[in-house]
Structure formats: structure tokens, C-alpha cells
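Taking it in order: structure first as C-alpha cells, then the write-up.
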2 protein chains.
Amino acid sequence: MLKYQQVANQIELYIEQHQLQQGTKLPVLESLMDEFSASKSTIIKALDLLEKKGLIFQVRGSGIFVRRKSRMGYINLLSNQGFKKDLEEFDITSEMLQLDVVKPTQEVADNLQIDYDQGVYYVKRIRYINGQTLCVEESYYDKSVVTYLNKQIVTESIFHYVTEGLGLNIGFSEMYIKTGKLTEEEANYLHLKQGDPKLVMESIFFLSNGKPFDFSKVTYNYEQSQFFLLGSGI
Amino acid sequence: MLKYQQVANQIELYIEQHQLQQGTKLPVLESLMDEFSASKSTIIKALDLLEKKGLIFQVRGSGIFVRRKSRMGYINLLSNQGFKKDLEEFDITSEMLQLDVVKPTQEVADNLQIDYDQGVYYVKRIRYINGQTLCVEESYYDKSVVTYLNKQIVTESIFHYVTEGLGLNIGFSEMYIKTGKLTEEEANYLHLKQGDPKLVMESIFFLSNGKPFDFSKVTYNYEQSQFFLLGSGI
DNA sequence: TTGACTAATTATACCTATACAATTATAATG
DNA sequence: CATTATAATTGTATAGGTATAATTAGTCAA
């Protein structure tokens, strides 16, 4: 692993293990340089990473301070961020409803930037959070990128398989969020009533070379879904 | 303005004015160094900023490429990001319903990290997007930070006043999002029916020294509100 | 004694320069 | 056509100097 990532991880671990509170001042730059035997630039890069994650904030002339969000029980919209513990806070499981290779609709082809005759994997899942129905998810994967899927992979973590199993690098994402009323079918899956509120999140995930490989439409149970988002550098 | 911000702005302007499409390759690092008479580190910092904003993506060994989100008509959740044009895409106006100095409730005091006896500005506004009711907003400002507000400031832009008028630096934010059903009062404001879906966003804004100064609760009209979010570095 | 201004110190932010590593694209080769 | 070498291009790490903001301590005056 890269040095600045190691440094960032160790600082993150230190904050977490010592349960440092919001506003706690961390050692000054020079101390960190000594402690990790790294140059100023490397430490700064590590700190920038932590700042981007929302774990610290830096005040010129003053110091480096711990930042902790004030509420628990919310799901991170950019789940790469934050303490790993936040992810373990929830027990999320999946049930597979369908797994097929299909021809894409126009919507899917557009979002994945492929032709209509190229095959895509279609995956339909229900996800549970702490035993309660969280959401219904329909995902489409470009078959020329994600060449193989099976029930086990889909039930566990597709992203883990894509990165570890296939050795692909996920680069960035687009997310579109809107609210509306549940259809009858959606209401059945979520054990709610037709017309009840829903939150719909459509996401497109791209490889680090810019190729979109996953288009997902997720409908959330409005009673179970709360999200948070940490901004920095406004 | 800082050099790397200037560089970033000029690159952003170039992309926008030439309407460069997704995937267009930008000049290589060395060309940019020459063009802007800056060091490699400065250019990289500018590019990192643009990448964080979701405007470009970099592929090692290949180049720097333009990234453009594929859909229009969505509001940026992290509105600092993206082309300025995206913001001008909407005509957002405000109507002030109430402006008072009040004692904070426990909820407000907690979120602003102040005592119960400290005064806060309470602002209630309705915001319109392209003439349609977008949301009802209740905001609380720490009076020891935002020392003065009036109707004009509230009707225009409070954030512009805080940064330009008061010379304060906004540092970062926390946002919490959930969905639910409209109350009767909310429904009246939004010209919807009681029980219809709503999206509630609670935000806390912090100065760059870490002090929270604004706590806002915004209830959105589900028919008018669509949001997007660009992730990078997953 | 209090308050206001000033100066020194501390600490991070910014900019430059350089060397080498890692990845991708391209050309050469068999 | 596949393999391999080469070039092109960005990424990482280090070092050091300058700039700017925040804090602290000190000085002076009312």
C-alpha cells in the first residue's frame, strides 16, 4: 500500500481506537513527520485524504482537528468515506430474486454507453438492514466488463468480486435521487402500501478508465432509509 | 486568488466554453505546465480539485479526460461542485415568512453546539424553482457568528452575505436526508396533500475553524425535487 | 486594572523542483 | 497475430522555501 494511505489509515485507526471527540487536536505536522518518518508533503497528502473523507479538518495557524458526525443510524451516501465502523454498524444482507443475461432497454444502453445488441447482466435483489426490508434493487452490468456472475457472488458482494475477483478498478460514480409514490409491485416487496413515499436512487458506476459498467435503480423503504453526506471545502 | 484555483477555473472555463464532451482528452501535464507557467505540483493540485468536483478524471499512463454528468434538471447535493452553469440552469427565488431572534430548542442548541440561553436567528422561507414551490426551509443561525440579518439579506442569499459581507469562511457541512409523509401544514405550503411523500434534508454548516453556525431543516416538494451527486475516488 | 494595539511565535497553506515508479499506448519484432 | 520492447503519461515521494492565518504574549495608554 502507498505510504500516504498507510499514514492516513493509521491516523484513522488511532482516532477510532481512542474514540477521539469532535474538536480534539491532533499532533502538529512536524510531530507526524517524525512519528511516521515521512516528508511534509506525504503527511499533507494523508491529511488531505482524511479531510476529504470528513474525518478531520485543518485550520491554518492553529492545527489539525478531529471531525465526527453528530448522528448515528444513517447510511453514508458516499460509502467509501468515514470510519469503517460506520459500515459495520448495520447488518445488511441480500436475497436474490432474478439473475439473467438480457438485451438492454434504451435507458440501460444509454446509461451504460453500449449498443442495444450487447448483452448485460440483469440482477434483481431485495436488501435487508437489521432484518428489515431496506430496498429493492435492479442492477444492470455490462457483460463485456463483468464477464461472469452467479448466485453466490450476487448474494454476497458484487463490488468485492469486481475489484478482487476480476481485478478491476472502480473510479467514480453518478447518483440521481428523487422521491415519489410506491407502485403496487414495489409496495409488496417492501411490505408497505401503494402510494406510500419512496426514495429512488439511480446510480452509474464507472471504472477508473472512464467506462460505465453498472447501472442500478434502487427503491428504498421510506421508514428504514436515512442517509448522510459529509461535505468539505465549500 | 490562489494559483491552483486560477488554473482550475481556467480549465473549467475552457471545458465549458468549448462544450467538451465526456471522454475528451485534455492536454498532457507538461503542456498545462507550460501554458499556465506553473510547476507540476500546482497543475496536479488544480487537476485534483477538478477531479473532486467531478469535472475530469485522470488515467495514469493515458491522460486527463473530461467528465460530464449525463442528465440535466437535477440539483447538486454538494452545490459547490460542478460547472457554474448548472447553478444558473435554475431560477431559484425566495419568499420570507418569518425572521426572528429566538431562544434555541434543545435540538437546535445541540446541532449548533451552543447554550440554551444564547440567541439564534430563526428564518423561515419558501423557495421557488422556475416559479414552482420547491421547498419550505427553517434555518437557525448562531447569533454570535451571524450578528445581523434583515429581510433583504434573507430574501437574497444568506451565504453570500456570510462570506462576503461578514468575511467568514465556510469550511464543511453535514447533511442528513430522509423521506416521510407531509403534515397538513407542510402540505399547505407546498400545495400538495397531507400524507404525500416528502424529502427532508437537515444540514449543519461549519466555519473553517470548525464552529457550526447554521442548522437548517428543509422539506422538499416531491414533484419538483431531483438531486444528483458525483463521487470520485471510490 | 482593563482594554486595545503590536509583535513574536506557531502552524498550516502554497509553490517550486526533482527523481523515480507504475500504467497505458504504441511501435517493433518474430 | 501475438509478444515484446519502447515511449508517453500520470502518480508517488522527498526536500525546501515563501506566504498567510491564528494564537499568544507583551506593551502601552486610558
Side-chain angles (χ1 to χ4, degrees), chain A residues 1-11 23-52 56-67 163 167-172 206-211 232-234, chain B residues 1-11 23-52 56-67 145 163 166-172 206-211 232-234:
Chain A
M1 192 186 294
L2 301 171
K3 190 161 184 177
Y4 79 95
Q5 289 179 337
Q6 286 178 31
V7 172
N9 286 343
Q10 284 189 251
I11 295 175
T24 309
K25 184 172 177 177
L26 294 175
V28 300
L29 260 181
E30 261 184 78
S31 312
L32 295 172
M33 287 165 65
D34 289 347
E35 187 175 344
F36 294 104
S37 305
S39 72
K40 183 162 69 170
S41 313
T42 302
I43 300 293
I44 286 182
K45 198 158 183 184
L47 294 175
D48 285 349
L49 189 60
L50 292 175
E51 188 163 39
K52 190 176 154 194
I56 63 165
F57 63 95
Q58 302 180 68
V59 183
R60 160 137 70 166
S62 180
I64 305 155
F65 303 91
V66 173
R67 180 180 166 195
T163 52
L168 299 171
N169 295 313
I170 300 173
F172 49 92
F206 299 76
L207 298 178
S208 57
N209 65 8
K211 164 118 201 55
S232 64
I234 298 183
Chain B
M1 192 185 292
L2 300 172
K3 190 160 182 176
Y4 79 95
Q5 288 179 336
Q6 285 178 33
V7 173
N9 286 343
Q10 284 189 252
I11 296 175
T24 308
K25 184 173 178 178
L26 294 175
V28 300
L29 262 180
E30 262 185 78
S31 312
L32 295 173
M33 288 166 64
D34 289 345
E35 187 176 346
F36 294 104
S37 305
S39 72
K40 184 174 164 182
S41 312
T42 302
I43 300 293
I44 285 185
K45 196 154 186 187
L47 294 175
D48 285 349
L49 187 61
L50 292 174
E51 188 162 39
K52 190 175 152 192
I56 63 166
F57 64 96
Q58 301 179 67
V59 183
R60 169 139 126 189
S62 179
I64 305 155
F65 302 91
V66 173
R67 179 179 168 196
V145 178
T163 52
L166 297 174
L168 299 171
N169 295 312
I170 300 173
F172 49 91
F206 300 76
L207 298 177
S208 57
N209 65 7
K211 165 116 201 57
S232 65
I234 298 185

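Chain A is the first sequence line, chain B the second, and so forth, proteins listed ahead of strands; every chain is numbered from 1. All values derive from a computational prediction rather than experimental measurement. Computation of the quantities below employed the complete heavy-atom set of this structure, encompassing side-chain atoms and omitting hydrogens, waters and symmetry-equivalent molecules.
Considering only residues two or more places apart in sequence or on other chains, A:S31 meets the side-chain contact (heavy atoms from CB on, under 4.5 Å) condition with A:P27, A:V28. Take B:V145 and apply the side-chain contact (heavy atoms from CB on, under 4.5 Å) test, not counting sequence neighbours, and it matches B:D142, B:L168, B:L207, B:K211, B:F213. In this structure, the side-chain contact (heavy atoms from CB on, under 4.5 Å) partners of A:T163, at least two apart in sequence or on a different chain, are A:I170. Residues forming a ring-ring contact (aromatic ring centres under 6.0 Å, His included) with A:F65 (at least two apart in sequence, or on another chain): A:F57.
Regarding B:M33, its CE atom lies at a distance of 9 Å from the C1' atom of C:dA17, rounded to whole Å. One interatomic measurement links the two molecules: CG of B:L49 to P of C:dC14, which rounds to 10 Å at whole-angstrom precision.
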Review point. Which parts of nucleotides 5-15 of chain D does protein reach within less than 4.0 Å, heavy atoms only, written one letter per nucleotide 5' to 3' as B for base, S for sugar-phosphate only and - for none?
Key: ----BBBBSBB
Under 3.5 Å donor-acceptor pairs involving side-chain atoms of residues 33-46 of chain B, not counting sequence neighbours:
| residue | atom | partner | partner atom | Å |
| --- | --- | --- | --- | --- |
| B:S39 | OG | B:S41 | N | 3.4 |
| B:S39 | OG | B:T42 | N | 3.3 |
| B:S39 | OG | B:T42 | OG1 | 3.1 |

